[in-house]
Amino acid sequence: MKRSIGAAGRGAIRPGLISLLTVVVILSLSTISVLTIATSNAMAALSERQASMTSQGYDAETSAQTMLALMDDTLQNGKASSVAGATRLLDKSMEQILAKACVEGVTATHESGDSSITCTFVTNGGRMLQTQIDITGKDTYDVVSWKLTAAPQDEDSDDTLWTGPAAQE
């Protein structure tokens, strides 16, 4: 039997709903794949930044812990007879203690009070560890405060996020 293709069975390929659906699916999959790649790149950058900040926090912590060990040595080897004497002894040697304690990329400053010493450790990447140590005896102390934060940014930064009318008020 011979088959003929008439008007009703014209051609094997007909543009229509299936072709349109295929184009929509291909465009959707392409868009999703581009968004997935962009998201994974952003997450990788965020992970690297988080790892850097964590490493800087550990550097500041290491410096502060080393400072406490050196303070212990100074108090144990010093011949202070009172709290005021121990505070003076530490105040005189804090520059050397901090110079020995700070790892690469960390700078430290200190302030001395009547019977306390406040030290601030700042990393190159913007982490800041603030400590306060109270001298409680001729060879003892208490750590009163130990706070790791982000270092404050300068207000004269060029990183302007919005320049609309509300930002100029």
Side-chain angles (χ1 to χ4, degrees), residues 30-169:
S30 300
T31 303
I32 290 171
S33 66
V34 167
L35 290 175
T36 301
I37 290 170
T39 301
S40 67
N41 288 340
M43 292 302 289
L46 187 61
S47 296
E48 287 175 14
R49 183 175 177 196
Q50 179 66 33
S52 173
M53 295 298 280
T54 301
S55 176
Q56 291 169 21
Y58 285 144
D59 288 345
E61 294 271 348
T62 300
S63 298
Q65 290 289 340
T66 304
M67 175 203 64
L68 290 178
L70 293 170
M71 284 176 61
D72 275 341
D73 290 344
T74 302
L75 288 174
Q76 295 302 320
N77 295 332
K79 302 293 186 221
S81 59
S82 65
V83 172
T87 304
R88 280 192 304 275
L89 175 66
L90 285 175
D91 189 35
K92 288 179 185 177
S93 41
M94 278 311 288
E95 291 295 326
Q96 293 172 346
I97 289 173
L98 292 176
K100 288 180 186 176
C102 288
V103 298
E104 185 178 343
V106 177
T107 57
T109 58
H110 78 285
E111 294 178 13
S112 296
D114 292 336
S115 63
S116 68
I117 296 176
T118 303
C119 295
T120 303
F121 298 87
V122 179
T123 66
N124 291 340
R127 300 295 283 174
M128 181 171 61
L129 176 64
Q130 296 172 317
T131 62
Q132 181 180 349
I133 295 103
D134 283 351
I135 311 302
T136 57
K138 62 182 183 176
D139 59 356
T140 60
Y141 60 85
D142 286 332
V143 177
V144 177
S145 175
W146 192 275
K147 184 167 64 169
L148 181 66
T149 60
Q153 300 293 323
D154 293 335
E155 290 185 23
D156 296 336
S157 145
D158 290 338
D159 299 336
T160 304
L161 296 177
W162 174 253
T163 58
Q168 297 169 355
E169 292 178 359

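Predicted model, so just to flag it, every value in this text is computed and none were measured. The figures that follow rest on heavy atoms only: side chains count, while hydrogens, waters and symmetry mates do not.
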Evaluate W146 against Q130 for side chain to side chain donor-acceptor pair (under 3.5 Å), listing each step before the verdict. CA-CA 6 Å; W146 192 275; Q130 296 172 317; over 6 Å; no

How far apart are the C-alpha atoms of E111 and T120, what are their side-chain angles, what is the distance that settles it, and do they pass the side chain to side chain contact (heavy atoms under 4.5 Å, CB included) test? CA-CA 9 Å; E111 294 178 13; T120 303; over 6 Å; no

Between I117 and M94, is a side chain to side chain contact (heavy atoms under 4.5 Å, CB included) present by the stated rule, with each step listed? CA-CA 9 Å; I117 296 176; M94 278 311 288; 4.1 Å; yes

Show, in sequence, the C-alpha distance, side-chain angles and deciding distance for M71 and L90, and conclude whether the side chain to side chain contact (heavy atoms under 4.5 Å, CB included) test is met. CA-CA 7 Å; M71 284 176 61; L90 285 175; 3.6 Å; yes

Step-by-step side chain to side chain contact (heavy atoms under 4.5 Å, CB included) determination, L129 to V122: CA-CA 7 Å; L129 176 64; V122 179; over 6 Å; no

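D59 and E104 get closest at one heavy-atom pair: OD2-O, 4.5 Å. The minimum heavy-atom distance between S33 and S30, with the atom names listed, is OG-O, 2.8 Å. Contact record, I135 with A86: CG2-CB, 3.8 Å, taken as the closest heavy-atom pair. The minimum heavy-atom distance between T87 and G113, with the atom names listed, is CG2-O, 3.7 Å.
Judged by distance alone, the side chain of S82 and the main-chain N or O of G85 form a donor-acceptor pair under 3.5 Å. Using a distance-only test at 3.5 Å, with no hydrogens or angles considered, a donor-acceptor pair links the side chain of N77 to the main chain of D73. In this structure, S55 contributes its side chain and A51 its backbone to no donor-acceptor pair below 3.5 Å. Side chain of T123 to main chain of G105: no donor-acceptor pair is present (N/O by atom type, distance under 3.5 Å, no hydrogens or angles). A donor-acceptor distance shorter than 3.5 angstrom exists from the side chain of S93 to the backbone of L89, with no hydrogens or angles considered.
In this structure, the side chains of F121 and M67 come closer than 4.5 Å at one or more pairs of heavy atoms. Taking 4.5 Å as the limit, some side-chain heavy atom of V143 sits within range of a side-chain heavy atom of L68. Taking 4.5 Å as the limit, every side-chain heavy atom of T140 sits out of range of all side-chain heavy atoms of L75.
Atom CG of L35 sits about 11.0 Å away from atom OG of S40, to the nearest 0.5 Å. Note that the NE2 atom of H110 and the CG atom of D91 stand 5.0 Å from one another [nearest 0.5 Å]. R49 contributes atom CZ, which lies 11.5 Å from atom OG1 of T54 (distance to the nearest 0.5 angstrom). How far OG of S116 is from CD1 of I133: 9.0 Å, rounded to the nearest 0.5 Å. Between M43 atom CE and E48 atom CD the span is 12.0 Å, to the nearest 0.5 Å. For the atom pair L98 CG and L70 CG, the distance stands at 9.0 Å (nearest 0.5 Å).
Checking D134, D72, T136 one by one against Y141, the side chain to side chain donor-acceptor pair (under 3.5 Å) holds for a single residue, D72.
Applying the 6.0 Å contact sphere to CG of N41 captures more than 12 heavy atoms from other residues, nucleotides or ligands.
With sequence neighbours excluded, no residue satisfies side chain to side chain donor-acceptor pair (under 3.5 Å) with T66.
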